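Lettering of chains follows the sequences in order, A, B, ..., and the numbering in each one begins at 1. Everything quoted here is computed from the prediction, not taken from an experiment.
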There are 2 protein chains.
Amino acid sequence: MLFTYLAASMSGNTRKEEIIMVASRLFKEKGYTAVTMRDIAQTMGIKAASLYNHISGKQELLSRLVLRLAEEFTKGMEAVQEQPGSEVSKIKRIIELHIDITVNASEALAALNNDWMHLEGEDLKRFVHMREAYEENFRSIIKKGIENGELQPHHPEVILFSILSTLRTLYIWYQKRGKLDVNVLKKDMVSVLLRGIV
Amino acid sequence: MLFTYLAASMSGNTRKEEIIMVASRLFKEKGYTAVTMRDIAQTMGIKAASLYNHISGKQELLSRLVLRLAEEFTKGMEAVQEQPGSEVSKIKRIIELHIDITVNASEALAALNNDWMHLEGEDLKRFVHMREAYEENFRSIIKKGIENGELQPHHPEVILFSILSTLRTLYIWYQKRGKLDVNVLKKDMVSVLLRGIV
DNA sequence: CTACAAAACTAACGTTTGTTAGTTAGAATC
DNA sequence: GATTCTAACTAACAAACGTTAGTTTTGTAG
């Protein structure tokens with residue numbers, strides 16, 4: 001089953017995971033730097049110092065959120081690459097991957113998109129590496145698609161960026177707009193991103 | 001001439017505009033909250049206290065950046081609405097508007113996208129109102145386009161979101177990728193966003 | 001009932017933050 | 001030559017920050 005680890009973490013079974021969930025909600029609204037440990041504690045109904053019985057510090061909250069999700073994307077991309085089929089079908093699967101993760105972890109996605117630069121040391125390096133690898137894999141799928149005539153001969157960078165920025169920002173819209181059905185959303189997104197709107 | 005005020009402000013003719021420019025660069029990299037007045041001062045080669053000879057405080061830096069740009073978008077949208085022609089041609093003009101602003105003020109766009117929520121009081125209200133109006137105007141163009149058969153009958157929200165999130169994130173990619181020619185970029189973006197990639 | 005672990009508390013620490021007050025050097029104006 | 005203006009400076013403040021140390025409460029197993 002996909003997203004099992006993600007699902008377990010989102011349900012917040014341990015106190016630690018509860019804190020991480022609360023943090024992700026606050027990070028989404030104000031950003032990592034603007035959220036204080038006292039904010040997180042107050043939302044949980046406890047004092048800031050009590051948080052340290054469960055976590056090592058603020059950085060751990062960020063790195064758990066971001067790296068956990070980045071690994072999910074990396075795993076998803078690997079699965080797509082191993083699958084047989086056309087390049088267009090792979091792009092479809094990537095779109096669906098993003099939508100699945102958005103639906104299951106929309107809060108944490110905000111941290112991944114907006115606050116990854118506040119990671120430190122090895123965590124930051126690892127994240128940047130994963131992100132670059134992800135984009136490079138996506139790019140080579142697009143290039144192959146252009147070469148064999150599946151895709152229009154546009155600059156690959158423009159295609160990559162236009163799809164990826166839509167998918168990465170999806171978390172903002174999904175839930176502002178009444179949470180439409182996931183399968184309907186997938187179908188619409190695939191159609192709009194691949195075949196355009198006119 | 002369009003963007004005159006914007007261009008004047010970006011050239012940094014006064015000391016105050018210099019500070020605002022430096023701030024926008026730093027805000028783009030780390031976000032509003034993570035940037036300190038000492039950071040800004042150090043980048044300018046002066047002490048933090050000296051900044052207050054030119055500006056009233058940190059908030060002013062943010063609100064100048066964000067509201068100035070928001071007004072540029074609002075003016076642009078008004079111009080598009082007054083223009084005759086098909087709905088598709090209006091969408092084209094909107095795409096070009098975003099690209100023009102991105103090229104002329106890519107730094108400030110980061111603040112507008114990521115840090116608007118740190119505006120306070122009346123500034124925040126004004127921004128949110130302008131943003132909602134902008135989206136509503138865009139949405140009604142799309143709806144009209146669907147009604148008269150220019151556009152595919154997708155959920156307007158999906159179309160709006162997919163175009164807008166691409167355009168809003170453009171500032172990240174434009175300059176990471178060697179600053180391609182503006183007119184080429186416009187043509188490619190219009191083609192990809194309107195007619196898709198397959 | 002006792003022992004223990006989990007999870008909360010109070011109090012405080014050393015820094016960093018945005019900002020203010022008062023001062024000074026140099027250039028422009030009268 | 002005196003005055004005003006511009007733009008920098010030093011010094012410091014009060015508040016807020018992440019975090020630590022030590023203590024108390026609470027629930028559970030022997």
query: Should the pair A/Glu136-A/Arg131 be classified as a salt bridge under the 4.0 Å nitrogen-to-oxygen rule?
result: no

- request: Taking B/Glu135 for its side chain and B/Leu160 for its backbone only, find out whether a donor-acceptor pair lies under 3.5 Å.
  value: no

- request: Salt-bridge test for A/Arg139 and A/Glu87: reply yes if a basic N is under 4.0 Å from a carboxylate O, no otherwise.
  value: no

Residues which pass side chain to side chain contact (heavy atoms under 4.5 Å, CB included) with B/Ser165, listed by chain and number, not counting sequence neighbours: A/Thr166, A/Thr169, B/Phe161

- prompt: In terms of ring plane angle, is the pair B/His98 and B/Phe73 parallel, tilted or perpendicular, where the classes change at 30° and 60°?
  reply: tilted

Please produce a list of atom pairs where a protein N or O lies less than 3.5 Å from an N or O of nucleotides 5-9 of chain C.
unit_1 : atom_1 : unit_2  : atom_2 : d
C/dA8  : OP1    : A/Arg15 : NE     : 2.7
C/dA8  : OP1    : A/Arg15 : NH2    : 2.6
C/dA8  : OP2    : A/His54 : NE2    : 2.7
C/dA8  : N7     : A/Asn53 : ND2    : 2.4
C/dC9  : OP2    : A/Lys47 : N      : 2.5
C/dC9  : OP2    : A/Ser50 : OG     : 2.9

- prompt: Judged by atom type as modelled, is there a donor-acceptor pair below 3.5 Å linking the side chain of A/Asp188 to the main-chain atoms of B/His154?
  reply: no

N/O donor to acceptor pairs below 3.5 angstrom from side-chain atoms of residues 140-148 of chain A, sequence neighbours left out:
unit_1   : atom_1 : unit_2   : atom_2 : d
A/Ser140 : OG     : A/Asn137 : O      : 3.0
A/Asn148 : OD1    : A/Glu150 : N      : 3.2
A/Asn148 : ND2    : A/Glu150 : OE2    : 3.1

- prompt: How would you list all residue pairs meeting salt bridge (Lys or Arg N to Asp or Glu O under 4.0 Å) that involve residues 118-128 of chain A, not counting sequence neighbours?
  reply: A/Glu71-A/Arg126

I'd like a table of atom pairs between the protein and nucleotides 14-18 of chain C - only N or O on both sides, under 3.5 Å - with the distance next to each one.
unit_1 : atom_1 : unit_2  : atom_2 : d
C/dG18 : OP1    : B/Val35 : O      : 3.3
C/dG18 : OP1    : B/Lys58 : NZ     : 2.9
C/dG18 : OP2    : B/Met37 : N      : 2.9
C/dG18 : N7     : B/Arg38 : NH1    : 2.9
C/dG18 : O6     : B/Arg38 : NH2    : 3.0

B/Arg15 with B/Glu18: basic N within carboxylate O range, under 4.0 Å: yes

- prompt: Counting N and O atoms only, with roles assigned by atom type, does the side chain of B/Ser50 sit under 3.5 Å from a partner on the main chain of B/Ile46, one being a donor and the other an acceptor?
  reply: no

task: For DNA chain D, note the earliest and the latest nucleotide, 5' to 3', having some atom under 4.0 Å of a heavy atom belonging to chain A.
output: D/dC17 to D/dA21

